[in-house]
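Only one structure is covered here, and it is reproduced in the block below.
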Amino acid sequence: MTCHIGFVGAGNVAARHARVLSGFPDVRITGVADTDAARAARLARECGATPYDSHTALLRGERLDAVYVCVPPFAHGSIELDVLAAGLSLFVEKPLALDEETALRVAAAARDRRAVTAVGHHWRYMDVVGEARRRLDGRPVRLALGVWLDKVPPVPWWTRRDASGGQVIEQAVHVLDLARLLVGEVAEVSAHESGYPPDQAEGAVGAATGALLRFRDGAAGIIGATCLLGWKHRAGLEVYAEGIALRISEDRLVIDSGRGHEVVTEPGDAKRRVDRAFVDAVLRRGEDVRAPYEDALRTHRLACAVARAAVSGTPVTLDGG
Ligand SMILES: NC(=O)c1ccc[n+]([C@@H]2O[C@H](COP(=O)([O-])OP(=O)(O)OC[C@H]3O[C@@H](n4cnc5c(N)ncnc54)[C@H](O)[C@@H]3O)[C@@H](O)[C@H]2O)c1
């Protein structure tokens with residue numbers, strides 16, 4: 001059995017997924033759509049696929065099993081709805097959208113269609129995340145400290161708030177997703193935002209965000225994000241429970257239970273596993289999609305709540321809070 005895949009969006013992250021998928025013997029990438037014809041042509045050439053200038057042309061032109069949606073936050077919505085209406089499986093790169101409403105509409109359509117969906121929260125496939133859960137061994141986390149301390153990514157849309165949604169929605173969403181996984185759902189957030197990235201002014205994303213989270217079970221969380229650096233300084237989550245401190249990043253887990261540090265190195269296979277799990281689900285061979293759209297929607301709503309609290313200066317209560 002072969003899984004026929006089309007791409008919408010042919011930029012950086014699409015190229016990464018295409019490289020991984022091209023290594024799977026049971027996958028064929030047959031079509032690539034991008035509103036930038038040169039980009040569609042380049043990635044299509046690399047994959048031996050046909051280029052298209054829109055997702056509608058792709059859906060008309062190819063017989064597909066699944067579509068990877070790898071567009072910037074502002075472009076989500078009608079693409080996913082059309083893919084679902086065509087009865088196809090859907091992989092969406094995070095963030096789900098600029099806002100909550102678009103993602104809620106897509107989630108409802110995916111539910112109606114009982115579609116196979118997955119979202120690019122590949123951190124959920126890191127071995128160190130599983131190891132962190134084992135080490136907690138049921139002990140409730142009382143404090144979570146998450147950071148995303150980075151540069152402005154080299155894509156033209158990122159610094160515009162109305163195109164990317166800001167750093168929390170765009171990047172720190174990985175950390176928020178991990179916090180939900182290890183601590184639980186969040187009941188309330190408050191946040192503060194400061195300044196603009198270098199050479200940017202009003203209308204741009206904030207340069208720094210600090211957020212305070214109250215989890216439903218009473219645990220406390222603090223999230224910090226900045227894009228003021230010229231390099232990726234640190235991204236990850238620390239969690240604290242009785243007698244144990246865990247520090248998780250994309251390359252390692254550091255465990256401290258009072259007898260010195262123990263370091264567990266991440267093998268770095270998560271970006272392959274997220275694609276493998278999706279393809280297996282599409283081909284009905286496996287059930288290891290760890291962030292289906294419905295679940296990623298909760299993370300997205302949390303990120304949107306932080307962004308809203310930061311702009312309004314008022315705490316935001318989430319469902320069930
Ligand atoms: N999970 C991860 O690790 C990870 C890593 C990188 C990027 N991402 C996410 O992937 C998304 C894309 O990032 P990128 O770096 O690939 O951006 P990019 O700018 O390199 O690529 C986006 C592409 O989408 C195209 N596009 C825009 N609107 C379109 C439309 N309506 N139809 C078809 N194509 C359209 C653009 O022309 C562009 O080629 C972002 O939301 C980003 O956060 C996730």
Side-chain angles (χ1 to χ4, degrees), residues 11-13 71-76 93-103 120-121 123 143-180 183 186-215 219-239 247-251 296 299-318 321:
N12 300 309
V13 84
V71 298
F74 67 86
H76 289 279
E93 255 310 338
K94 46 55 61 180
L96 300 184
L98 264 187
D99 57 4
E100 282 188 51
E101 291 68 27
T102 305
H121 282 302
W123 286 30
L143 177 66
L145 306 175
V147 291
W148 197 288
L149 314 171
D150 206 341
K151 58 183 181 302
V152 171
V155 282
W157 45 267
W158 199 88
T159 51
R160 281 180 19 234
R161 192 186 292 276
D162 64 358
S164 76
Q167 191 178 18
V168 172
I169 289 176
E170 234 302 301
Q171 292 182 316
V173 68
H174 280 301
V175 171
L176 292 173
D177 190 58
L178 192 53
R180 281 190 51 237
V183 190
V186 173
E188 189 184 65
V189 303
S190 47
H192 174 72
E193 198 179 86
S194 170
Y196 299 113
D199 308 321
Q200 301 290 323
E202 211 166 320
V205 301
T209 308
L212 185 62
L213 316 182
R214 177 170 60 81
F215 289 84
I222 296 174
I223 302 288
T226 185
C227 57
L228 278 175
L229 307 174
W231 67 97
K232 187 166 181 182
H233 186 65
R234 195 147 58 88
L237 185 74
E238 295 176 27
V239 293
R247 193 165 77 230
I248 303 149
S249 58
E250 282 179 276
D251 61 354
T299 299
H300 180 63
R301 296 187 82 182
L302 171 57
C304 289
V306 172
R308 215 161 50 245
V311 169
S312 68
T314 315
V316 173
T317 304
L318 286 108

request  = Please answer whether the main-chain N or O of K94 pairs with a side-chain N or O of H174 as donor and acceptor at a distance below 3.5 Å.
outcome  = no
Check: Under 3.5 Å, is there a donor-acceptor pair between the side chain of S249 and the main chain of A235?
Finding: no
Discussion item. Could you check whether any side-chain N or O of T226 sits under 3.5 Å from a backbone N or O of A208, counting only pairs where one atom can act as donor and the other as acceptor?
Written reply: no
Heavy-atom nearest pair, G206 first then R161, reads N-NH2, 3.7 Å
P197 and V152 have their tightest heavy-atom pair at CB-CG2, 3.8 Å
Discussion item. When you compare the side chains of Q167 and W148, does any donor N or O come within less than 3.5 Å of an acceptor on the partner?
Written reply: no
Here the pair of heavy atoms bringing A303 nearest to V168 is O-CG1, 4.0 Å
Rounded to the nearest 0.5 Å, the OG1 atom of T299 sits from the CD1 atom of I169 at a distance of 12.5 Å
Taking the side chain as everything from C-beta on, heavy atoms only, tell me whether I223 gets closer than 4.5 Å to V306.
no
message: Could you go through L212 and I222, starting from their C-alpha distance and side-chain angles, then the distance that decides it, and tell me whether this counts as side-chain contact (heavy atoms from CB on, under 4.5 Å)?
response: CA-CA 5 Å; L212 185 62; I222 296 174; 4.0 Å; yes
Nearest heavy-atom contact between T209 and E193 is OG1-CG, 3.9 Å
On a heavy-atom basis, the closest approach of V205 and W158 is CG1-O, 3.5 Å
Can L176 and L213 be said to form a side-chain contact (heavy atoms from CB on, under 4.5 Å), step by step?
CA-CA 10 Å; L176 292 173; L213 316 182; 4.2 Å; yes
Taking everything shown except R247 itself, do over 12 heavy atoms lie less than 6.0 Å from its CZ? no
Tightest non-hydrogen contact, residues Q171 and P153, listed as NE2-CG, 3.4 Å
Separation between NE2 (H121) and CD (E93), nearest 0.5 Å, reads 9.0 Å
Are R308 and V189 close enough, and set up right, to give a side-chain contact (heavy atoms from CB on, under 4.5 Å), and what steps lead you there?
-> CA-CA 9 Å; R308 215 161 50 245; V189 303; over 6 Å; no
Rounded to the nearest 0.5 angstrom, the NZ-CG distance for K151 and L228 is 13.5 Å
inquiry  = Contact between H300 and V173 at the side-chain level, heavy atoms closer than 4.5 Å - yes or no?
reply    = no
#### Entry: side-chain contact (heavy atoms from CB on, under 4.5 Å) evaluation trace for F74 with D162
CA-CA 7 Å; F74 67 86; D162 64 358; over 6 Å; no
Interatomic distance, OG@S164 vs CG@L98, rounded to 0.5 Å, equals 7.5 Å
